[in-house]
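As the structure is a prediction and not an experimental result, all values here were calculated from the model.
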Amino acid sequence: MAFTPGTTALRGRLLTFLRAPQGPGDRDSYRYISDGLVVVTAGRITAVGNASDLLPTLPAGMAVDHYPDSLILPGFIDTHIHFPQTQVIASYGAQLMEWLEKYTFIEEQRYADHAHASRNARFFLDELARNGTTSAVVYGSVHPGSVKALFTEAEARGVGLVAGKVMMDRHAPTALTDTAQTSYDHSKALIGAWHGVGRQRYAVTPRFAITSTPEQLEAAGALLREHPGVYMQTHLSENHEEIRQVARLYPEATDYLDVYDRFGLLGDRSLFGHCIHLSEREMARMHETASVAVFCPTSNLFIGSGLFDRAALENPARPVRLGLATDVGGGTSYSLLRTAGEGYKVLQLRGQSWPALAAFDLMTRGNAAALGLTEEIGQIAPGRYADLVVLDPSATPAMAHRRDVIQGDLEEELFLLMTLGDDRAVRATYIQGQRVHDRDAVIADTVALGIQRGLADIATGRLVPHDEAMDELDASIEQAVRDSH
Ligand code: GUN
Ligand code: ZN
């Protein structure tokens, strides 16, 4: 069924970033309207301003979704996530290379089955919506069908993705490998079928240097040269053992980044996941080529990979462009709020800290900038898609209790959301002006379902209703009393 973009309006506390905040208290980096209105026409934002100014201009009868105490932000963007790892998340006790072999390379084989891929694409996109994520950069499995299933489902929901089929032609189970030629052919076919179709875009996706021969990286470079505008995503410098193996496999390369560089894989549409253990030369080269380093804090902690060095990467002498991502299933949460909260702790361990303004900017406008898509997503401004998240800063008793003492301070409220918030704090999610997740309606539905099931159980005799049970008890007591006389 084709997706119908919404024509509607949302009222609440609006927050959108205009540029990267320079530090705490940088009020010029964002626009905040305490009682704002976003007007949406056919899926795009057409007006933003004070509710008192805009409400009288709305067409008669236009619905307004009012969230009086909530914050309305641009939907979150996840710049690195693995769609075939929704059932790998929370796998115990391994570091990168063992984790790949023991869990990931087993699970991803199931995506040869198109029905399985379609089912899990639906779960995946539901889960993004529940967490307020409205766009994502996604790794498929090696099977082109997995990416077809994902794009098909995303397009039917009006969700814009950047995604690609993993290329891997060595150091993995045979069932999970392609060849340099088939990876080129299949990627090319997917680019033709999906890149620029609706809201979908393609990313050439060599998994990482260990699982690609030089011939395959050459094929990846050719795909990028032949299709300007497609993205490139891979992993870089995540784990020390990985780095040692890359050096053994590519002895001619100066360092890990240079492996990719030699095949023309660097550039302003190239996203490198992790980037934890980079040398000064590598960071300078990333800056020179405008390549993006993607910070994946929950994954880096969970797989025990190391601590991202934001200050080194953002060295003003040669700043590297940054993204923020969950990296599910190495990552442990679909929530960008949780991801930012863990990112803060990682940077604390580096002695660096991370202002809430900077974190929220990166989850929204900053990640859109990392993709070169700020004209489409990441801001609440006319012309952008109405991909929005509505956040409830009092979502749990602990959040409401803490909020009692910081009422009115926006930065403290954002910090509270990233420290204590998760999917429970996502009150609603909108894709192109259509509400695709409504937390409280889901809760109401769940309660109604429980009541319905209870009634069904009573009707079929599986459950005895309380009053009847008490009547039976009373009757049996009366009988016992009568019997005793
Ligand atoms: N390096 C190569 N593949 C992967 C992956 O699936 N997850 C993570 N975290 N690192 C990788
Ligand atoms: Zn990854």
For R11, the side chain to side chain contact (heavy atoms under 4.5 Å, CB included) test, sequence neighbours excluded, returns D35, L37, A51, L55, V64, H66
Is the shortest side-chain N to carboxylate O distance from R321 to D268 below 4.0 Å? no
Tell me every residue that passes ring-ring contact (aromatic ring centres under 6.0 Å, His included) with H114, counting only those two or more places apart in sequence or in another chain. none
Sub-3.5 Å donor-acceptor pair from the side chain of Y67 to the main-chain atoms of I72, do we have one? no
Tell me whether T339 contacts the main-chain N or O of S335 through its side chain, where contact means a donor paired with an acceptor under 3.5 Å. yes
Name all residues meeting the ring-ring contact (aromatic ring centres under 6.0 Å, His included) criterion together with F272; count only those two or more places apart in sequence or in a different chain, and write none if there are none. Y260
Does any pair with a residue in residues 120-162 pass ring-ring contact (aromatic ring centres under 6.0 Å, His included), and if so which ones, sequence neighbours excluded? H80-Y139, H82-Y139, F83-F124, Y139-H235, F151-W194
Any sub-3.5 Å donor-acceptor pair from S118's side-chain atoms to A115's backbone N or O? no
Correct closest heavy-atom pair for G49 and L54 would be N-CD1, 3.2 Å
Closest non-hydrogen contact found for E411 with D26 is OE2-N, 4.3 Å
Restricting to pairs with a member in residues 395-426, which pass ring-ring contact (aromatic ring centres under 6.0 Å, His included), not counting sequence neighbours? Y344-F415
Are side-chain N/O atoms of D78 and T326 paired as donor and acceptor at under 3.5 Å? yes
Going by side chain to side chain contact (heavy atoms under 4.5 Å, CB included), name the residues that satisfy it together with L301, two or more places apart in sequence or in a different chain. L307, E342, V346
Minimal non-hydrogen separation, Q432 against G158, with atom names: NE2-O, 2.9 Å
